[in-house]
Structure formats: structure tokens, C-alpha cells
Amino acid sequence: MYEELNDMQLEAVKHTQGPLLILAGAGSGKTKVLTSRIAFLIENNVAPYRILAITFTNKAAGEMRERVDKAVGYGAEAIWVATFHSTCVRILRRYADRIGYENNFTIYDGDDQKSLIKSILKKLEIDTKRFKERTFMSVISGAKDCLINPTQYAMSATGDYVKETYARVYREYQSALKKNNAMDFDDLIVQTVELLKKDEQVREQYQERFEYIMVDEYQDTNTAQFELIRLFAGKYENLCVVGDDDQSIYKFRGANIKNILNFEQHYPGAHVIRLEQNYRSTQNILNAANSVIKNNYGRKDKTLWTDNPVGNKVVFKQFENGDEEAYFVAHDIARNIKEGTFSYADCAILYRTNAQSRLFEERFVSENIPYKIIGGVNFYARKEIKDLLSYLKTVDNARDDLAVQRIINVPKRGIGATSISRVSAYADEHGIGFYDALKQAREISTLGRAASKIEPFVQFIQVMRTKLLSGLSLTELLEEIIDQTGYVRDLEAEGTDEALARIENIDELMNKITSYEEEVDEPTLSGFLEEVALIADIDNLEEDSDYVVLMTLHSAKGLEFPNVYLAGLEDGLFPSYMSISSGDDSEIEEERRLMYVGITRAMKQLTISAARMRMIRGELNFARVSRFVREIDPALLTGTINETKPIREQSPSRAAKNTFKQNSYLTKSSPAKRESKDFGKASLADGQLEYAVGDRVRHMKFGEGQVQEIVRGGRDFEVTVLFDSYGVKKMFATFAKLKKI
DNA sequence: CACAGGTCTCTTTTT
DNA sequence: GAGACCTGTG
């Protein structure tokens, strides 16, 4: 197998001792190197169980597992191939009791975190108008990514009211987690680090065990993960990390690009190998990627090249709006299928935001193109799935207060918010869990008659437990729950498309639990719940089915497709408005890396598209073609960028005018129409607002601009403003809070 | 306590 | 345009 490797790859495979940094450009065969390296280690008599290979996604782990199994054969199953999170879960399931948790702790997903925070804000009487849950979540997550605990955070926050509030919530949040015997995603890493630092015995055990460590996508590690790896590798330091600083796209999640840029400082004497030959893309595609990424500063110097054919030029298309864009992509795919150039599964549509998937989905449905959307709402985050999982969790151990509270009134049992908070208060008072308090419902004096409504619920859970203990299978248990609660029956009665989709999801859950029972030697309810807790949508991408895949650029990292469409290449969407308005070049650079990732997913054909107008959050936005498209060497592109002038000088296209008409927007040049439509009220409107057509105004976000038109809408005035820096925006007067200047 | 209807806000990106 | 939140009614 080694003869397939080029010199650099071979060197990386054979360099097994000491720290090694492999800078692997996109499509340079890094997975092949990693798997070959594992095979090589084993051939050289390294015990399989002393090898650890860490990835970010289950999909990547699964892929590597498969390839390792193939390359190694006997003993491969002993190699530890896993994601950061599942690695940590595995360790914590054994030793969490040494840091004050029980080993059967539950794992909270984003939804759970959110509701926990919500209840904390209520408890601390924090004004949710001024402070948003989201902010707390990201502050806490950010702190954890950097291994800052509540006490440390509080110390750095003194004197700053806002930060002190964050600190209070963080502290409360963390102690609530502990009380619930729960960890959030970040905790899985943080607590493992904590465990390894505190407990010498555990640390030494794993340091001894992990003689050889490999980390994939190293550019995306955050400080906590860096520390985790450092601890793991503490004894042998046979640490091989693979990454590409040009593909670092998770800064918002705490990824610290310095981990890879400064690897040689962290590990003096580290050997560095560059993999610069690309085996994936055509020359045109690769050159397009190179011409974009070279605009970034502070990169590790490298130039990707390929022996592959030159290939077709990159196609650039510009459309009036998002509908037309989706229409084109659908028909382009249909054409490729018809001509036999590509199969559906060869095609992928990549975009910056999940919201963009909708237009494509609608179009694909009407054109009968099979598709699959990855991401958006995770399967296991869907309401119906979370409800049923909450039942399972409650039957399993009921330690998860959130799960119990979620389902206590699903279906309706007449137990409302008031009763729940009374039970909660009682539980707090007596230092017991929520479910235990439910069991004693009769003792809770404040409940009154509501107690009688709670009893059947508790009874139901207890019966399920008994049945499970007496040998009911997991599939049967779930069936019983669905049956007894009437969950599916209610949905059937509803009969809407949405309800039917939910039933399909429930069927899917049944399939998953059944296949879990078939695949695992000793299936347990806890085991199933645990497996499910760490699954992301991308992991469910099935290779053998034939459908077009739609996903965000972030989800696409690590994947490749013969025919790729990059959609929505507009300034303000990609790069995002946030990154442009931050004025921080490093944010644009991160977006540019995302563009680089997107381009390099394509093997044979790449199509880039943009729309002049797009509805974003109910607002019609005009945008110029993304700066990233301009950065591509024009010699590599077909199609021209039809927009050399800034947006403010261009008149709306025909299609744009049509849209205006549909939305009853009138052009400035036809006051007569406005009169007839609004019976002269428009001029009254101009008088009521402090500004009129032609005035200069200021907007909080968009800065200064000129009012183009004011039209009376349903209950408000719709104002169209030409902003100096952001082009034309339409907005409601009460919402926009424009100030005349 | 449940439900319907209205209002307000808003996300890039996710393990 | 969707989802969370609030309010009023039965």
C-alpha cells in the first residue's frame, strides 16, 4: 500500500517518533496518510490499543475507522478512533465520579442548555429584555473553550456590571449542571481536562496508554482541546497533528489558530511536513482556490499544485434573485443527469447560511430532484424526537430534570407551568430531584388538587421501568410509550403535512433504536441514549443513495463532490454582514478561508452564483457580487461580473421592478400612482414622520443614507433608503427608527 | 389551564 | 419568514 504514497506522504507515515506537524493542503490525501501511518505503526509492533486517533466529527471518525480496518485487519478494533467528544465521554463514564459527578451523567445539547439558562435567568431575576439567553450561552461556551471556570471568570469581571452578571449566571449554570448530574458539550472536554489534571492516577493511566496520538483537523482545536491533547501526550509525545491553517473556519467556536501556527513553539523539535500535491481537483478549480486564499495574511507558506487535468473553467452566474438562482441550479443538475455527466449524488450545493436551503428545497420538490439537506435542525433536536427521547431518559434514570419537565405535560395532562414551578420549588427546598418530588406529589401542600394529575404520570413511568427490567426490548418500550401516550395518534389526527413529517421522523427513530439493538452486543437504554447524544446530522450522510446534497460551507469541510455549486456569493451574505461591518480584517479572512474550503470541495466542476436581490429575514436586500468572486483570476472564470459600478448607481432591473410592484412598492417617478393607491395619505405620512423623500437620515446599523420613497404599508410606513455603504434597504418606519440629519 | 392570535426579534457558521 | 413570547378569552 505504501507505493501509492508520494515522497512527502511516505515521510509522514514513517516519522513516528516525537511531535510531528503535517500541513496538509486540501485534497492532499491526509486521511490516507493517517490510515497508512496507523498501519505502519502496527506493522512495527505497536500494540493497537496504544494508538489514539482523534477527529472532530463522527463521520470523519467513521470513515477513518473503516479505512483503518481495511488497512490493518486483525487487531484494528482495539485502535481508539473517535471524536474529541466521544473520547472524553468514554473516559468520563469511567471516572467522572472522581470529580464530583456520577458516571451515568447526562449530556445536555444546545436546547437543554437554553432552557436551563432560561430558568436561571428567571431565578436570578435578570431582565431578559436587556440580556439575551443566546449571549449567556456564547459567553459561557467561550469561557469553557478557554478553560476559564466560573471563579476565574468572576475575578476578571469585577467592576463591570455586565460581566458580573455573566459571571453570576455562569456560576449558577455550572452548579445547576452539577446538581442535575449533567454536562454540556463543552464540559465533556473541560471536565476531562479537569480530571486529568487533578487525578494523577487517571492521568498516568492514559498517558501510558496513548503512546501514539494522531489529531485530524488540528487547525480547529480550541484551547481546551489543545490542553487535552497536551495532557494525553504528556509522557511519550509521539503526537502527530494534521491540519491546514487555510481551512480554519471555527474561530467562532473557540478554535485557536495559534495551536497550529505555533505548534513548533509548543513542541520544540517538532518535525514539519508539507503535503502540497492535490489529488482532488482540476487545475482550474485549484488555481481559483489559490487565487482567493493568497489574499490572506499570516498564513503558513504553501502552494498547492496538481497533476490533474486543467478541466473546465469555473462557471460564474448572476441572477436577479434567489428564486432564479435555485431554478438555474436545479436545471443545471437535471441537464447533467440527462447528459450522463454526473449522478445526483455527485452534486452538492453549498451556501453560507442554513436559511438559503429553503429556496433550493422548494425548487427541487417541484422539479422532482432527489435531495437531502444536511444540518439546520439536527434530527435529534426535533421536537417529536426530543419528546420521545425525554420519555426514554425519564424511564432510564429520571435524573435529567429537564427531560422530565419536558414531557410531564406532553400529551396534555393538565399540568401547567404553575404546578411545575411548585414541584420545582419543593424539590429545591428538599434537595431532591424533580422526578423524586413528583413521586411525593401528595406531600407538596402548594399543589392542591394538581397532585392527582401527577400521579398517573409517575405511575406510567414506573410501569415502563418494571417492564423494561422484566425483559421488554428497547423497540418494544418505545412502541409502548408511543402507544400509551397517543403521540402518533394525535399527529395522525392533526393530519397536516407537518404532522406527517413528524410521524416519519418517529418511524426513523424506531428504525434507529431497532438497529442499535441489532448491532450492539449488550444493548441498554442508557447505551442507546448515550450514542444518540453525540450525533450530528452530517454523520447521517449515506454514501449509497443517489441524491443531491445541500449543506452549509462549514458542514462541507472534509467532504468532496465531483460537481459543486457555491450559491449566494454576495457581499453581506458571504462574506457575512457581520464580518464586513466588524471592520476586523481577521473576520473577513476567516470568511475567505471558508470560501477556500468551498472551492476545494469540487473535483471536476465548480459553479458559483450570486443574486442581485435577496429576501433576508423578511427584508429585501440588494447586494454586490461577493468580493471573493472578484478575487478569482478572471482567466479561470466563464461568465462576467455584470456590476462594475457600486450598487447605488444602478437602477433596479426589470425583475426588480416587478417585485416592487408585487409588493406595492412604487417608484419615485410615479407619484400619481401613489396618490391613487393611498388616497393622498402618503403625503400625510411624510408629514407624520420626521423625514420625507429626499431627506438624509441615519440608521443605527446602516449609517447614513437618503430616503428614496415612503409608502403606507399595512399598519406602518415602508421606507426605502439608499444607504451610502450598504445599498438600498426597505424597512418599516417604526422598526427602523431612522433619524433625520 | 389551554389555546388562539398578535407582536417582537433575529443567527451566520456547530461538536 | 419563523419562532419565541405575551395577552386575552373560554
Side-chain angles (χ1 to χ4, degrees), chain A residues 54-61 82-89 107-111 113-115 118 128-129 132-135 137-138 141 144-145 184-189 217 220-222 224-225 248-255 322 350-359 362 374-378 380-381 383 409 411-420 449-450 453 498 533-539 551-558 568 572-582 587 590-591 593-595 597-598 614-620 701 714-716 732 734-735:
Chain A
I54 292 197
T55 64
F56 273 82
T57 65
N58 290 305
K59 179 166 169 60
T83 64
F84 271 101
H85 291 89
S86 61
T87 300
C88 289
V89 170
I107 299 168
Y108 276 7
D109 68 8
D111 266 9
Q113 286 180 59
K114 202 168 156 196
S115 35
K118 201 180 286 180
T128 47
K129 291 262 150 49
K132 278 159 280 164
E133 292 146 20
R134 246 201 110 66
T135 320
M137 283 172 71
S138 72
S141 177
K144 287 185 177 179
D145 289 343
D184 61 22
F185 280 125
D186 299 316
D187 268 344
L188 297 176
I189 315 286
E217 306 281 14
D220 287 327
T221 50
N222 61 33
Q225 287 158 339
S248 163
I249 54 173
Y250 281 108
K251 192 169 132 207
F252 71 94
R253 213 172 63 195
L350 310 181
Y351 37 75
R352 182 62 179 83
T353 67
N354 280 306
Q356 287 167 260
S357 66
R358 218 193 85 246
L359 290 175
E362 284 169 6
I374 308 289
V377 190
N378 185 333
Y380 292 100
K383 182 183 179 301
N409 203 29
K412 303 267 181 283
R413 297 187 176 90
I415 305 166
T418 328
S419 301
I420 291 177
R449 286 183 49 239
K453 293 176 178 165
E498 197 197 331
L534 295 175
I535 295 179
D537 238 20
I538 183 82
D539 307 329
M551 68 184 119
T552 63
L553 289 150
H554 282 89
S555 304
K557 189 161 61 112
L573 184 61
F574 185 28
S576 72
Y577 167 69
M578 300 287 263
S579 66
I580 295 173
S581 61
S582 73
E587 298 217 6
E590 172 120 342
E591 299 272 318
R593 289 193 289 271
L594 200 49
M595 178 70 178
V597 167
R614 187 182 293 278
M615 277 295 226
I616 295 174
R617 289 202 301 278
E619 241 181 35
L620 188 61
K701 266 190 200 163
R715 55 184 189 284
D716 200 346
F732 287 113
T734 46
F735 182 54

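Below, chains carry the letters A, B, ... as their sequence lines are ordered, and counting in each starts from 1.
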* To do: Calculate the interatomic distance between A/Asn58 atom CG and B/dT15 atom P; express it in whole Å.
  => 9 Å

* To do: Please answer whether B/dT13 and A/Phe252 are stacked, defined here as ring centres separated by less than 5.5 Å and planes angled under 30°.
  => yes

* Which part of the nucleic acid, if any, lies within reach of A/Gln225 when heavy atoms closer than 4.0 Å are counted: base, sugar-phosphate only, or nothing? -> nothing

* Structure fact -> Quick note, A/Lys114 side chain, CB onward, closest among B/dT13, C/dA4, C/dG1 is C/dA4

* Check whether any side-chain N or O of A/Ser419 sits under 4.0 Å from OP1 or OP2 of B/dC1, and answer yes or no. => yes

* Asked: Is the shortest side-chain N/O distance from A/Asn354 to OP1 or OP2 of B/dT13 below 4.0 Å?
  -> yes

* OP1 or OP2 of B/dT13 less than 4.0 angstrom from a side-chain nitrogen or oxygen of A/Ser576, does that happen here? -> no

* **Euclidean distance, atom CD of residue A/Glu362 to atom P of C/dA2 [Å, nearest integer]** => 9 Å

* Per A/Arg617 side chain, nearest of listed nucleotides C/dG1, B/dC1, B/dT14 -> C/dG1

* Asked: Looking at the side chain of A/Phe185, which of C/dC5, B/dT15, C/dG1 is the nearest nucleotide?
  -> B/dT15

* **Atom C1', compared across B/dT11 and C/dC6: separation rounded to whole Å** => 23 Å

* Proximity to the side chain of A/His85 - top-ranked nucleotide from B/dT14, B/dT15, C/dG1 -> B/dT15

* To do: Ignoring backbone atoms, test whether A/Lys118 places a side-chain nitrogen or oxygen under 4.0 Å from the OP1 or OP2 oxygen of C/dC5.
  => yes

* Asked: Can you find a side chain N or O atom of A/Asn222 that sits less than 4.0 Å from OP1 or OP2 on B/dT15?
  -> no

* Passing candidate, side-chain hydrogen bond (donor to acceptor under 3.5 Å, both in side chains) with A/Lys144, options A/Asp184, A/Asn222, A/Asp186 -> A/Asp184

* **Proximal nucleotide (of B/dT15, B/dA2, B/dT13) relative to the A/Arg253 side chain** => B/dT15

* Looking at C/dC5, C/dG1, B/dA2, which one has an atom nearest to any side-chain atom of A/Lys412? -> B/dA2

* **Approximate separation, where rounding is to 0.5 Å, of A/Asp220 CG and A/Gln225 CD** => 8.5 Å

